[in-house]
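To find a chain, count down the sequence lines: A is the first, B the second, and so on, and within it residues start at 1.
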Amino acid sequence: MHMPELPEMENYKRNLNQLLQNKMITDVIINREKSVNVAPILFIGAVRGTTIQAVERRAKHLLFRLSNNKVLLLHLMLGGWMYYSEEKDKPKRTVQVQLSFGEKHLYFIGLRLGYLHLYTEQEVEQELADLGPEPLDASFTEEQFLSYIEKKRGMLKLKLVDQHFLSGIGNCYSDEICYDARLLPESKLEDLSGDERSALYTSIRTVLPEATEIGGYMEHPLFVGDTKTGAYNDKCRVYDCEGQSCQRCGSKIVKTEISSKKTFFCPVCQH
DNA sequence: AGGGCAACCCGGACGC
DNA sequence: TGCGTCCGGGTTGCCC
C-alpha cells in the first residue's frame with residue numbers, strides 16, 4: 001500500500017487542474033459520512049452547482065477552490081486514491097465520496113482516515129496553519145534551509161516526516177532523500193556537518209521534483225489511459241527494496257524500523 | 001523540545 | 001466461495 005506524499009499529490013494537482021478546471025460539480029454522493037465534516041445534506045447543498053476554479057496543493061493536501069469561495073480540503077492519508085472516469089469505468093472498489101461532472105465522476109476511494117472537508121477560505125488556512133515550509137518553494141533556498149535547521153534537533157528520518165518541520169514528505173521519500181544524501185535515517189540532525197546539511201538540502205530539492213515529474217508512485221492511475229501516474233513505482237532506490245543491491249555500491253538494502261516506521265537504507269554507503 | 005505510544009479507521013490480504 | 005482475523009500507517013494528542 002502506497003501512501004500519497006508530496007509528489008503524488010502534486011501529480012494529482014496537475015492532472016486535476018487539466019481535467020476539472022472551470023467544470024461544474026453537477027452532483028455529489030457521500031457514501032461514508034465520516035469522510036466529510038458537515039451533515040451530507042449541507043455538504044451537498046454547498047458544493048453542488050459550483051465550479052472548480054483551481055486545484056492547489058499544500059503539503060499532502062489538495063484544495064479544491066469552488067466558485068462560491070468555499071474550499072474542499074482533501075487528505076488521502078493511508079491508501080486513499082482518486083479515479084476520474086465515466087460510470088462504466090468506475091473502479092470495483094468502495095467509493096466513499098463522489099463528485100460528478102456531467103457524465104464523468106471523480107471517485108474518492110480508500111478514505112479510511114482520509115477526508116474531504118468543506119471549509120471557508122479562512123477555515124482552511126487555520127487548518128493548515130501549523131504546516132512547515134514547502135520544501136520546493138522557490139523561496140526555500142539553501143541559505144533559508146541551513147538557517148531553519150540551525151536549532152532543530154532529532155532523528156533525521158523523523159524530522160523529515162514531521163509535517164511541522166517540512167511539508168509533504170512521508171515514509172517513502174524520507175528514505176529516498178536520506179539515501180540520495182548518503183545519510184543514515186537514524187542520524188541526528190544536530191550532528192550533521194555543513195557539507196551533510198547541504199547534501200540534505202540538495203537531495204530534498206532533487207528527489208521530490210524527480211519523483212513528481214515522473215508521476216509519483218501511486219499504484220492506481222487517475223483515468224483511463226493514464227500511464228504516467230505511478231511511473232516512479234519502480235524507480236525507488238531503497239523504499240520497499242529490502243535485499244536488493246544498492247545502485248551505488250552493490251550492498252544489500254536493509255530494512256529496519258524507526259519509531260514503528262519501516263525504514264530502508266544502504267548500510268554501506270549511507271553514513 | 002524530542003521521543004514514545006495509543007487511538008483513529010476499514011479495505012484487503014490471508015487462512016481455513 | 002465465504003467467513004473470520006489482522007495489518008497497515010499519517011496524524012493527533014497525551015505523557016514523560
Side-chain angles (χ1 to χ4, degrees), chain A residues 1-12 29-37 40 57-63 73-83 90-98 107-117 119 123-135 147-178 184-192 208 211 216-220 230 233 236 238-242 255-264:
Chain A
M1 184 161 60
H2 284 168
M3 264 48 60
E5 306 178 26
L6 185 154
E8 289 69 42
M9 299 313 286
E10 183 67 22
N11 182 64
Y12 273 135
I29 297 176
I30 298 167
N31 295 319
R32 177 179 177 270
E33 292 193 20
K34 282 184 178 178
S35 297
V36 297
N37 59 331
R57 181 192 61 78
R58 299 273 288 275
K60 303 175 190 173
H61 305 260
L62 285 193
L63 285 69
L73 180 67
L74 171 73
H75 197 310
L76 294 173
M77 295 284 252
L78 29 146
W81 51 287
M82 289 176 275
Y83 200 74
K90 178 180 174 180
K92 292 175 179 54
R93 300 294 183 93
T94 306
V95 172
Q96 282 80 38
V97 181
Q98 170 181 333
Y107 302 107
F108 296 86
I109 298 163
L111 298 185
R112 298 175 206 178
L113 300 181
Y115 52 83
L116 185 67
H117 284 179
Y119 289 122
E123 286 167 343
V124 83
E125 291 308 323
Q126 284 170 25
E127 289 294 317
L128 303 175
D130 291 336
L131 290 171
E134 286 285 341
S147 116
Y148 182 65
I149 67 171
E150 185 79 27
K151 290 181 177 138
K152 308 268 186 201
R153 302 182 291 122
M155 239 181 285
L156 178 55
K157 181 188 175 75
L158 297 181
K159 296 310 291 185
L160 288 175
V161 301
D162 179 355
Q163 300 303 293
H164 306 296
F165 177 70
L166 290 178
S167 281
I169 299 170
N171 207 33
C172 168
Y173 292 106
S174 62
D175 285 359
E176 294 297 322
I177 288 165
C178 288
L184 288 169
E186 59 262 73
S187 56
K188 299 279 196 172
L189 195 56
E190 64 269 29
D191 293 341
L192 299 186
L208 297 176
Y217 77 150
M218 294 301 292
E219 43 203 334
H220 302 99
N233 235 324
C236 290
V238 283
Y239 192 74
D240 270 347
C241 294
E242 183 185 17
K255 177 183 180 182
T256 182
E257 202 167 277
I258 295 180
S259 197
S260 68
K261 295 177 183 305
K262 65 174 180 174
T263 302
F264 302 86

Ring geometry between His220(A) and Trp81(A) (parallel below 30°, tilted from 30 to 60°, perpendicular above 60°): parallel
Within the 4.0 Å heavy-atom criterion, would you say Gly154(A) contacts the bases, only the backbone, or no part of the nucleic acid? sugar-phosphate
Rounded to whole Å, please give me the gap between [atom1] in [X] and [atom2] in [N].
{"X": "Glu8(A)", "N": "dG10(C)", "atom1": "CD", "atom2": "P", "value": "12 Å"}
{"X": "Leu131(A)", "N": "dT11(C)", "atom1": "CG", "atom2": "C1'", "value": "11 Å"}
{"X": "Asn171(A)", "N": "dG10(C)", "atom1": "CG", "atom2": "P", "value": "5 Å"}
{"X": "His117(A)", "N": "dT11(C)", "atom1": "NE2", "atom2": "C1'", "value": "13 Å"}
{"X": "Lys152(A)", "N": "dG2(B)", "atom1": "NZ", "atom2": "P", "value": "7 Å"}
{"X": "Leu74(A)", "N": "dT11(C)", "atom1": "CG", "atom2": "P", "value": "12 Å"}
{"X": "Leu128(A)", "N": "dT12(C)", "atom1": "CG", "atom2": "C1'", "value": "15 Å"}
{"X": "Trp81(A)", "N": "dG10(C)", "atom1": "CH2", "atom2": "C1'", "value": "20 Å"}

Check ion pair Arg58(A)-Glu125(A) (N to O, under 4.0 angstrom): yes
Do NZ/NE/NH1/NH2 and the carboxylate oxygens of Asp240(A) and Lys255(A) come within less than 4.0 Å? no
For Met77(A) and for Arg93(A), find the nucleotide of DNA chain B with the closest heavy atom, then tell me which residue's nucleotide is more 5'. Met77(A)
Using OP1 and OP2 only, check whether a side-chain N or O of Lys159(A) sits under 4.0 Å from dG2(B). yes
Cation-pi check, Lys262(A) onto Phe264(A) ring (under 6.0 Å, within 45° of axis): no
